[in-house]
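Report on the structure given below.
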Amino acid sequence: MGKLFFYVALALVVVSGLIFAPEHAALAIHPMDQFNVASLTGGAVSTFAITNVTLWLALAVVCVFLLMVVGSSRRAIVPSRAQSIAELTYGFIYKMVEDVAGKDGVKFFPYIMTLFMFILMANFLGLIPMSFTTTSHIAVTAILAGLVFFTVTIVGFVKNGVGFLGLFWVSSAPLALRPILAIIELISYFVRPVSHSIRLAGNVMAGHAVLKVFAGFAGALGLFSFLPIFAITAVYALEVLVAFIQAYVFTILTCVYLKDALHPSH
Amino acid sequence: MASNTQDAAHGAAEAAHGSAPGMPQLDFSTFGNQIFWLAIALVAIYLILSRVALPRIAAVLAERQGTITNDLAAAEELKAKAVEAEDAYNKALAEARAEAQRIAAETRAEIQVGLDEAIAKADEQISAKTAESEKAIGEIKAGALESVKVVAADTAEALVTALGGKADAKAVADAVADQLKG
């Protein structure tokens, strides 16, 4: 059955390539156009203008609401599918926070859950064709990473006072090495928000751009357009994985940083 | 032609958002807009999660855990009750068996007593009957001997008479007595 379906799909792709191939193939690939921020009401993109960013952020909020609130609204002892997913997500992140950041990190669970749900939903919504991916923008991920960085730094100093600086003073290293290590630790600490934000935006942006490049090839190759279409299918599958993994990575790194703030000793 | 218009549109879009050709991510003129709406979205998600979703899911999970624990405890209790009931049953069974054995033994003893009495009585009756019968047999035997003498005497007399002699009653009786003594 699956094999038959595959061959029918293959034939369809080849035939449609024959019929719809442009008369003179032109390589018009604009992989970055999908990231353009545009006002939905027309006019300039001012701070309070309603843009495609607004739309897709709102959809992310709606999806979170649908999954976590509507999905769990029946409070069933034996859960429905939606409630089961909501509970699994809850358990997954709760356990992550508890395991990585420790018992006293649990009070930050709602913040970390917010980050995870937002990134996950934004990533998955961005995989809908013709959609806008909010997490592909460095402005968005920089704010997310910046929030984590400042929260962690402030929590570190509030919890441990000056002792938080012990994070940079590797007491297990030989005394002569400690100042050098302190400089390296300090640099790595301030590089964290940069890598944290660029990792997410870069992965999402690169994947989406690759999809668009292959799509451009598909338009230009005529009869052989099925080759890039298969490539798109494969890359899309990879992107679904990346959408989850990047949300997971962002969240677990947040937990790791939080652990540093709560327990700064090495 | 189509590609030319697309290029033109692309160029126009680029011109519209100023700098950063090819990288909308680096177009700082849109940052304010993105950050503003992101802040609203994050606050909205945080409120949704912390006020409604997370407490509710935590409550559901706790309730489920409680239900499972309760059910397990109830099952444990029922199991204990079942074991207790089995013990009680076994005890009752053992008691009933002992009682039955006791009753059986009693009954057997009673019957044995009755039986012994009956046997003794029957033995008595049998020995009485035997004595009576022996006596009757003795009488009959004696009667029979007398009869034999009388018959023998008569027969002898008849024989003597038939042979032409004169039967002397006394001699015949002596002869019969001699013969019987053998």
Side-chain angles (χ1 to χ4, degrees), chain A residues 22 26-28 30-39 44-51 53-54 57-58 60-61 64-65 67-69 71-73 75-79 83 86-87 89-91 94 109-111 113-115 117-118 121-122 134 136-140 142-144 147 201 205, chain B residues 1-18 20-71:
Chain A
L27 203 61
H30 300 296
M32 304 308 276
D33 279 7
Q34 58 177 325
F35 303 121
N36 279 335
V37 178
S39 175
V45 181
S46 62
T47 302
F48 305 112
I50 295 178
T51 58
V53 180
T54 321
L57 285 173
V61 176
V64 172
F65 182 81
L67 176 62
M68 301 303 283
V69 176
S72 68
S73 60
R75 300 161 186 264
I77 292 293
V78 180
Q83 190 186 330
E87 284 172 7
T89 316
Y90 179 100
Y94 191 91
F109 168 62
Y111 299 97
M113 190 73 179
T114 303
L115 287 176
M117 290 311 296
F118 169 70
M121 288 303 175
T134 48
S136 69
H137 273 262
I138 201 76
V140 169
I143 291 296
L144 296 175
L147 281 176
M205 185 185 75
Chain B
M1 187 60 207
S3 72
N4 283 345
T5 33
Q6 270 184 1
D7 279 345
H10 187 56
E14 264 175 23
H17 53 67
M23 276 284 272
Q25 279 85 353
L26 298 178
D27 179 2
F28 294 102
S29 68
T30 64
F31 272 33
N33 182 275
Q34 293 192 55
I35 291 166
F36 171 69
W37 291 113
L38 174 67
I40 289 178
L42 286 180
V43 169
I45 292 174
Y46 176 73
L47 290 179
I48 287 169
L49 289 178
S50 66
R51 294 292 156 87
V52 187
L54 300 185
R56 181 188 287 171
I57 292 173
V60 170
L61 291 178
E63 196 185 338
R64 183 173 306 142
Q65 195 57 47
T67 309
I68 289 169
T69 313
N70 282 348
D71 285 359

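Proteins get letters first, then strands, A, B, ... in listed order; numbering begins at 1 in each.
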Review point. Is the gap between the ring centers of A/Y90 and A/F109 under 6.0 Å?
Key: yes
Study note, to complete from the structure: Max heavy-atom pairs within cutoff under 4.5 Å with chain B, candidates A/M121, A/Q34, A/Q83, A/M205, goes to A/M205
Point to revise | Contact winner vs chain A - B/I45, B/I40, B/I35, heavy-atom pairs under 4.5 Å | key: B/I45
Check your understanding: Using non-hydrogen atoms only, which part of B/F36 is less than 4.5 Å away from chain A: side chain, backbone, both, or neither?
Key -> side chain
**Study point:** Side chain, backbone, both or neither of B/L38 within contact of chain A (heavy atoms, under 4.5 Å)
**Key:** both
Review point. More than 12 heavy atoms of other residues, nucleotides or ligands under 6.0 Å from CD1 of A/I50: is that the case?
Key: no
Review point. Heavy-atom distance under 4.5 Å to chain B: side chain of A/P79, backbone, both or neither?
Key: both
Check your understanding: Is it the side chain or the backbone of A/A76 that comes within 4.5 Å of chain B heavy atoms, both, or neither?
Key -> backbone
Review point. If you tally heavy-atom pairs under 4.5 Å against chain B, which of A/V64, A/V53, A/V69 wins?
Key: A/V69
Point to revise | residues 62-71 of chain B: residues contacting chain A (heavy atom under 4.5 Å, by number) | key: B/E63, B/R64, B/T67
**Study point:** A/M113 versus chain B, the contacting section by heavy-atom distance below 4.5 Å
**Key:** both
Review point. Quick one: what part of A/S46 sits under 4.5 Å from any heavy atom of chain B, side chain, backbone, both or neither?
Key: backbone
Check your understanding: With only heavy atoms counted, which part of A/Y94 is less than 4.5 Å from chain B, the side chain, the backbone, both or neither?
Key -> neither
Check your understanding: By a 4.5 Å heavy-atom criterion (distance strictly below it), what part of B/A39 contacts chain A: side chain, backbone, both, or neither?
Key -> neither
Check your understanding: Backbone N or O of B/S29 within a donor-acceptor pair of the B/D27 side chain at under 3.5 Å?
Key -> yes
Review point. By a 4.5 Å heavy-atom criterion (distance strictly below it), what part of A/L147 contacts chain B: side chain, backbone, both, or neither?
Key: side chain
Review point. So what's closer than 4.5 Å to chain A heavy atoms on B/L61: side chain, backbone, both or neither?
Key: side chain
Review point. For A/S136, is it the side chain, the backbone, both or neither that has a heavy atom under 4.5 Å from a heavy atom of chain B?
Key: both
